[in-house]
Trainee: 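Just passing along the structure, written as structure tokens.
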There are 2 protein chains.
Amino acid sequence: MQDALRQFKADFFQALAHPTRIAIVEQLREGELSAGTIIERLGIEQANASQHLAILRAKNILVNRKAGNQVFYSVRDRRIIEILDIMRQYFHAHMSEVLATLRAIDKAGKVRR
Amino acid sequence: MQDALRQFKADFFQALAHPTRIAIVEQLREGELSAGTIIERLGIEQANASQHLAILRAKNILVNRKAGNQVFYSVRDRRIIEILDIMRQYFHAHMSEVLATLRAIDKAGKVRR
DNA sequence: AGTTAATATTCGAACTTTCGAATATACCAC
DNA sequence: GTGGTATATTCGAAAGTTCGAATATTAACT
């Protein structure tokens with residue numbers, strides 16, 4: 001029983017364990033957007049976006065609504081936004097690590113100065 | 001910049017994206033415990049526990065303190081507990097899915113009735 | 001120094017995730 | 001129905017995660 005609950009929680013975290021999926025959820029903070037708008041705003045491949053959206057749908061983090069040609073996505077439960085908000089505080093509190101990550105990315109990208 | 005922040009968040013979620021690691025953090029809710037106590041309470045392999053603890057340490061979710069022979073672990077920031085609390089509400093709100101997961105596990109375990 | 005207890009690390013096999021390219025499906029307008 | 005636009009799915013290669021078995025490290029005790 002505990003095991004099932006933990007598996008459920010782990011699946012939830014796994015669903016958000018990718019920068020693109022976090023970016024998608026953040027885009028949907030103010031309300032629904034079409035798949036096309038999300039793709040355009042994030043500047044990612046269509047297939048890739050669609051795969052990430054499928055994962056977020058499968059874990060019930062997003063819901064979708066079809067309207068003619070398009071599919072509109074939104075966050076199912078406001079608590080998910082709430083969790084991301086707490087994490088923002090958390091990140092500010094540990095900004096030095098965020099900056100370390102930043103530097104690591106910078107280095108990996110071979111941006112010399 | 002946004003990218004680094006998202007990578008940092010994704011890493012955080014990734015760190016919690018495993019049932020054993022969630023179980024470890026939950027064990028530490030009331031305060032620090034030795035590695036041995038965690039292993040005993042969860043009934044897992046020593047090497048496996050140590051690997052999961054290493055991941056949680058690397059992502060700065062846990063901190064450790066050596067005392068002689070033993071290593072005591074604790075959750076670094078109470079906001080992590082807070083996030084897990086919100087998730088508990090979230091799970092209660094979506095209990096039907098949790099139950100579906102439970103049934104799936106039950107089935108996979110071949111527990112007939 | 002030798003032994004035991006507690007914890008960490010390394011290795012390799014099995015499994016899962018990620019990506020873009022290609023293809024499929026669905027809907028609309030003509 | 002043909003053509004176009006929006007989105008989803010399938011495939012296979014590359015990269016990442018997970019596990020237990022074996023081994024290493026560290027500290028305490030004799």
Side-chain angles (χ1 to χ4, degrees), chain A residues 3 6-25 27-28 32-74 101 104-105 108, chain B residues 3 6-25 27-28 32-74 101 104-105 108:
Chain A
D3 287 359
R6 282 178 189 140
Q7 184 61 60
F8 189 81
K9 290 183 194 184
D11 285 350
F12 176 91
F13 284 122
Q14 178 61 55
L16 291 175
H18 194 284
T20 300
R21 293 197 291 270
I22 293 188
I24 289 171
V25 174
Q27 287 296 322
L28 297 174
E32 70 173 16
L33 291 176
S34 70
T37 306
I38 294 168
I39 291 164
E40 188 188 354
R41 290 208 193 163
L42 299 183
I44 57 183
E45 286 286 324
Q46 184 272 322
N48 194 5
S50 204
Q51 285 166 14
H52 285 304
L53 287 168
I55 290 167
L56 291 168
R57 241 188 300 126
K59 297 294 167 54
N60 291 301
I61 287 169
L62 301 185
V63 290
N64 60 343
R65 171 177 81 81
K66 287 178 198 191
N69 222 2
Q70 291 165 287
V71 179
F72 288 87
Y73 282 89
S74 54
T101 307
I105 289 169
Chain B
D3 287 0
R6 280 176 190 143
Q7 184 62 58
F8 188 81
K9 291 185 194 184
D11 285 349
F12 177 92
F13 284 122
Q14 178 60 53
L16 291 174
H18 193 285
T20 300
R21 293 198 291 271
I22 292 189
I24 290 171
V25 174
Q27 287 296 323
L28 297 174
E32 70 173 13
L33 291 176
S34 70
T37 306
I38 294 168
I39 290 164
E40 190 189 352
R41 292 210 192 160
L42 299 183
I44 57 182
E45 287 286 326
Q46 184 272 320
N48 193 5
S50 205
Q51 285 166 16
H52 285 304
L53 287 168
I55 290 168
L56 291 169
R57 240 188 302 127
K59 297 293 165 56
N60 291 300
I61 287 169
L62 301 185
V63 291
N64 61 343
R65 171 177 82 80
K66 287 179 196 187
N69 222 2
Q70 291 166 289
V71 180
F72 289 87
Y73 282 90
S74 55
T101 307
I105 290 168

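Order of the sequence lines fixes the chain letters, A, B, ..., with proteins taken first and strands second; residue numbering starts at 1 for each chain.
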Trainee: Check whether any side-chain heavy atom of L33(B) sits under 4.5 Å from a side-chain heavy atom of R41(B), and report yes or no.
Mentor: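 The answer is yes, as the side chains (C-beta and beyond) meet within the 4.5 Å cut-off.
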
Trainee: Does F72(A) reach a base, just sugar-phosphate, or nothing at all? Heavy atoms under 4.0 Å.
Mentor: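 It contacts nothing in the nucleic acid.
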
Trainee: For Y73(A), which of E32(A), R57(A), R65(A) qualifies under side-chain hydrogen bond (donor to acceptor under 3.5 Å, both in side chains)?
Mentor: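 With Y73(A) as partner, side-chain hydrogen bond (donor to acceptor under 3.5 Å, both in side chains) holds for just one option, R57(A).
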
Trainee: Could you say whether R21(A) or K66(A) is positioned toward the 5' end of DNA chain C, judged by the nucleotide with the nearest heavy atom to each?
Mentor: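 Its nucleotide being nearer the 5' end, the pick is R21(A).
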
Trainee: Report yes if the side chains of I22(A) and F13(B) come closer than 4.5 Å at any heavy-atom pair, otherwise no.
Mentor: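 A side-chain contact under 4.5 Å exists here.
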
Trainee: Tell me: NZ of K59(B) to P of dG16(D), nearest whole Å?
Mentor: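 Roughly 12 Å, once rounded to whole Å.
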
Trainee: Tell me whether the side-chain N or O atoms of Q51(B) pair up with the base of dT7(C) as donor and acceptor below 3.5 Å, since no angle test is needed here.
Mentor: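 No.
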
Trainee: Rounded to whole angstroms, how far apart are CD1 on I44(B) and P on dA8(C)?
Mentor: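 The answer, rounded to whole Å, is 12 Å.
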
Trainee: Using every non-hydrogen atom in the two residues, find where A49(B) and I44(B) come nearest and quote the distance to one decimal.
Mentor: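 Result for this residue pair: CB-CD1, 3.6 Å.
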
Trainee: Quick one: which of dA6(D), dA8(D), dC19(C) gets closest to the side chain of Q70(A)?
Mentor: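 Side chain of Q70(A) sits closest to dA6(D).
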
Trainee: Kindly point out which of dA8(C), dA8(D), dT18(D) is positioned nearest to the side chain of H18(B)?
Mentor: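 When the side chain of H18(B) is considered, dT18(D) is the closest of dA8(C), dA8(D), dT18(D).
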
Trainee: Using whole Å, report how far CD of E45(B) lies from C1' of dA6(C).
Mentor: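 My rounded result for the distance is 15 Å.
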
Trainee: Tell me: CG of L56(A) to P of dA8(D), nearest whole Å?
Mentor: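 The distance from CG of L56(A) to P of dA8(D) comes to 12 Å, rounded to the nearest Å.
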
Trainee: Check the distance between dA8(D)'s C1' and L62(A)'s CG and give it to me in whole angstrom.
Mentor: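 Those two atoms, CG and C1', are 15 Å apart.
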
Trainee: Should Y73(B) be listed as having a side-chain N or O under 4.0 Å from OP1 or OP2 of dA8(C)?
Mentor: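 So the side chain of Y73(B) is within the cut-off, an N or O lying under 4.0 Å from OP1 or OP2 of dA8(C).
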
Trainee: Verify the contact: side-chain N or O of N48(B) to OP1 or OP2 of dC19(D), cut-off strictly under 4.0 Å; return yes or no.
Mentor: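 So the side chain of N48(B) is within the cut-off, an N or O lying under 4.0 Å from OP1 or OP2 of dC19(D).
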
Trainee: Please find the pair of heavy atoms, one from H52(B) and one from R21(B), that lie closest to each other, and give the distance.
Mentor: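 Of all heavy-atom pairs spanning H52(B) and R21(B), the closest is ND1-NH1, 3.1 Å.
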
Trainee: Taking the minimum atom-to-atom distance to the side chain of R57(A), which one of dT7(C), dT9(D), dC27(C) wins?
Mentor: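 It is dT9(D).
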
Trainee: Counting heavy atoms from C-beta on, name the nucleotide in dA8(D), dT5(D), dA27(D) closest to the side chain of N69(B).
Mentor: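 Looking only at heavy atoms from C-beta outward on N69(B), the closest nucleotide is dA27(D).
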
Trainee: Side chain of Q46(A), base of dA6(D): donor and acceptor closer than 3.5 Å?
Mentor: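 Absent.
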
Trainee: Which is true for A47(A) with a 4.0 Å heavy-atom rule: it touches a base, it touches only sugar-phosphate, or it touches nothing?
Mentor: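 Counting heavy atoms under 4.0 Å across all strands, the contact made by A47(A) includes a base.
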
Trainee: Take L28(A) and S74(A) through the test side chain to side chain contact (heavy atoms under 4.5 Å, CB included) and record every step on the way to the result.
Mentor: CA-CA 6 Å; L28(A) 297 174; S74(A) 54; 5.6 Å; no

Trainee: Would you indicate, yes or no, if dT18(C) has its OP1 or OP2 atom less than 4.0 angstrom from a side-chain nitrogen or oxygen of H52(A)?
Mentor: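 Indeed not, no polar side-chain atom of H52(A) lies that close.
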
Trainee: Without decimals, in angstroms, what is the distance between L33(A) CG and dT7(D) C1'?
Mentor: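 From L33(A) CG to dT7(D) C1': 15 Å.
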
Trainee: Whether the side chain of Q14(B) and the base of dG16(D) hold a donor-acceptor pair under 3.5 Å is what I'd like checked.
Mentor: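 Flag unset: no donor-acceptor pair detected.
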
Trainee: Using atom CG of N64(B) as one end and atom C1' of dT9(C) as the other, report the distance to the nearest whole Å.
Mentor: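 After rounding, the reported distance stands at 15 Å.
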
Trainee: For the pair made of CZ in F13(B) and C1' in dT18(C), what is the distance, rounded to whole Å?
Mentor: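 Taking CZ of F13(B) and C1' of dT18(C), I get 19 Å after rounding.
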
